[in-house]
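A short worksheet on the structure shown next.
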2 protein chains.
Amino acid sequence: MTYGQKIEALAVPTRRAVLERLIEGPASVGEIADGLPVSRPAVSQHLRVLKDANLVRETKHGTRHIYSLNAEGFQDLRAYFDQFWDGALAALQTAVKASEEQ
Amino acid sequence: MTYGQKIEALAVPTRRAVLERLIEGPASVGEIADGLPVSRPAVSQHLRVLKDANLVRETKHGTRHIYSLNAEGFQDLRAYFDQFWDGALAALQTAVKASEEQ
DNA sequence: AGTATTCGTAAGTCATGACTTACGGACAGA
DNA sequence: TCTGTCCGTAAGTCATGACTTACGAATACT
């Protein structure tokens with residue numbers, strides 16, 4: 001829900017690998033784990049974190065749990081970065097101005 | 001240098017607080033630490049991480065080390081996110097198309 | 001020279017969380 | 001019903017790193 005939660009979700013390499021796998025399309029837990037050097041339960045735990053951060057969605061087909069990217073969560077994160085960068089850019093402009101006046 | 005390094009630098013709340021302080025303008029280590037609930041050495045260590053990630057610059061005036069935001073590092077990070085989101089968006093489009101054809 | 005600031009680093013503590021294996025539940029198919 | 005598959009959770013291990021205090025180096029000021 002918070003920005004920090006999303007950023008911290010992205011900070012773990014294995015979780016980024018999971019997300020990059022999901023860019024290629026929705027996948028089940030087992031399918032995701034097959035492409036990674038960690039166990040299936042580990043992937044399951046990472047998916048829980050990503051789901052709590054709203055970066056991923058879950059739909060159940062029989063015993064298979066299919067995960068896919070959640071655009072909404074990514075947009076929120078992008079909004080935060082845009083806001084941060086706007087602030088940073090303004091600060092840098094001010095700094096340039098101040099050093100010119102100096 | 002790597003994207004992971006930058007993202008992991010942003011993942012720690014105290015480091016985000018340091019960066020948000022720097023949006024308001026360049027500051028010395030002591031000034032930054034005064035506004036945070038951690039010790040000065042802790043801030044010094046965080047600044048080292050941020051500097052290694054190219055998110056921050058250091059200039060020395062006497063005994064004071066002045067830190068400021070580094071736009072270059074943030075642009076690299078933004079490029080990564082843009083690329084990721086473009087891929088994610090394309091994936092979502094494909095998913096919609098596939099579900100329509102189904 | 002002597003003192004005071006400002007800072008980085010060393011060393012050590014401690015919580016967090018990324019992993020593992022073991023287990024049990026839920027659904028599909030014979 | 002029984003077996004096999006797919007998955008989440010519990011419990012425990014272990015490395016990482018975010019903090020602390022203590023110290024010493026570098027510069028400024030008198």
Side-chain angles (χ1 to χ4, degrees), chain A residues 1-22 24-70, chain B residues 1-22 24-70 73 102:
Chain A
M1 180 99 171
T2 71
Y3 302 122
Q5 196 176 350
K6 290 180 200 294
I7 297 177
E8 288 158 26
L10 290 177
V12 176
T14 301
R15 278 201 289 268
R16 286 200 299 278
V18 168
L19 291 174
E20 284 166 3
R21 166 63 183 84
L22 291 180
E24 300 171 9
S28 70
V29 179
E31 286 169 350
I32 297 171
D34 281 344
L36 296 176
V38 295
S39 69
R40 182 194 52 76
V43 171
S44 198
Q45 291 162 10
H46 284 307
L47 286 168
R48 175 165 170 74
V49 174
L50 291 169
K51 188 182 172 188
D52 286 345
N54 254 315
L55 294 173
V56 144
R57 274 219 189 94
E58 183 186 14
T59 65
K60 306 185 181 179
H61 294 289
T63 68
R64 291 163 55 92
H65 297 204
I66 306 298
Y67 285 88
S68 56
L69 294 178
N70 184 3
Chain B
M1 182 98 170
T2 69
Y3 303 122
Q5 197 175 350
K6 291 180 201 294
I7 297 176
E8 288 159 26
L10 290 177
V12 175
T14 301
R15 279 202 288 268
R16 285 200 299 277
V18 169
L19 291 174
E20 284 165 4
R21 166 63 184 82
L22 291 181
E24 299 170 9
S28 70
V29 179
E31 287 169 350
I32 298 172
D34 282 343
L36 295 178
V38 296
S39 68
R40 183 194 51 75
V43 171
S44 199
Q45 290 162 11
H46 285 305
L47 285 168
R48 176 167 169 72
V49 173
L50 291 169
K51 188 182 171 189
D52 287 345
N54 255 315
L55 294 173
V56 144
R57 273 218 189 94
E58 183 187 14
T59 66
K60 306 186 181 179
H61 295 289
T63 68
R64 292 164 53 93
H65 297 205
I66 306 298
Y67 286 87
S68 56
L69 293 179
N70 185 2
Q102 169 189 346

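Sequence lines set the chain letters: A, B, ... in the order given, protein chains first and strands last, and positions in each chain run from 1.
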Whole-Å distance, A:Asp52 CG to C:dA18 C1', equals 16 Å
Are any protein N/O atoms closer than 3.5 Å to N/O atoms in nucleotides 7-11 of chain C? If there are, list each pair with its distance.
| unit_1 | atom_1 | unit_2 | atom_2 | d |
| --- | --- | --- | --- | --- |
| C:dC7 | OP1 | B:Val29 | N | 3.1 |
| C:dC7 | OP2 | B:Gly30 | N | 2.9 |
| C:dC7 | O3' | B:His65 | ND1 | 3.1 |
| C:dG8 | OP1 | B:His65 | ND1 | 3.3 |
| C:dG8 | OP1 | B:Tyr67 | OH | 2.7 |
| C:dG8 | OP2 | B:Ser44 | OG | 2.3 |
| C:dG8 | O5' | B:Ser44 | OG | 3.3 |
| C:dG8 | N7 | B:Arg40 | NH1 | 3.1 |
| C:dG8 | O6 | B:Arg40 | NH2 | 3.0 |

Item to complete: State, with a plain yes or no, whether a side-chain heavy atom of B:Val56 is found less than 4.5 Å away from one of B:Leu19.
Response: yes
inquiry  = Within the supplied structure, the quantity of interest is the number of heavy atoms (other residues, nucleotides, ligands) at a distance under 6.0 Å from A:Arg21 CZ; does it exceed 12?
reply    = yes
The reported gap from CZ in B:Arg15 to CD1 in A:Ile7 (rounded to nearest 0.5 angstrom) is 12.0 Å
Practice task
Measure the shortest side-chain to side-chain distance between B:Ile32 and B:Leu47 over non-hydrogen atoms and say whether it is less than 4.5 angstrom.
Solution key: yes
Does any N or O in the side chain of A:Asn70 come within less than 3.5 Å of the main-chain N or O of A:Arg57, such that one atom is a donor and the other an acceptor?
no
One should read off an interatomic distance between A:Gln45 CD and A:Leu50 CG, to the nearest 0.5 angstrom, of 12.0 Å
Residues in residues 6-20 of chain B with a heavy atom under 4.0 Å of DNA chain D, by number, are B:Val12, B:Thr14, B:Arg15
Rounded to whole Å, the NE2-P distance (A:His46 to D:dC7) equals 16 Å
Listing for DNA chain D: consecutive Watson-Crick or G-U pair runs of at least 3, distance cutoff 3.5 Å, ranges ordered by first number, gives C:1-30 with D:1-30
Correct closest heavy-atom pair for B:Ala9 and B:Val49 would be CB-CG1, 4.2 Å
Scanning both residues in full, the closest heavy-atom pair of A:Asp52 with A:Gln5 reads O-NE2, 3.3 Å
Is the backbone N or O of B:Leu10 less than 3.5 Å from a side-chain atom of B:Arg16, with the two atoms forming a donor-acceptor pair by type?
yes
To the nearest 0.5 Å, atom CD1 of A:Ile66 lies from atom CD of A:Glu31 at 6.0 Å
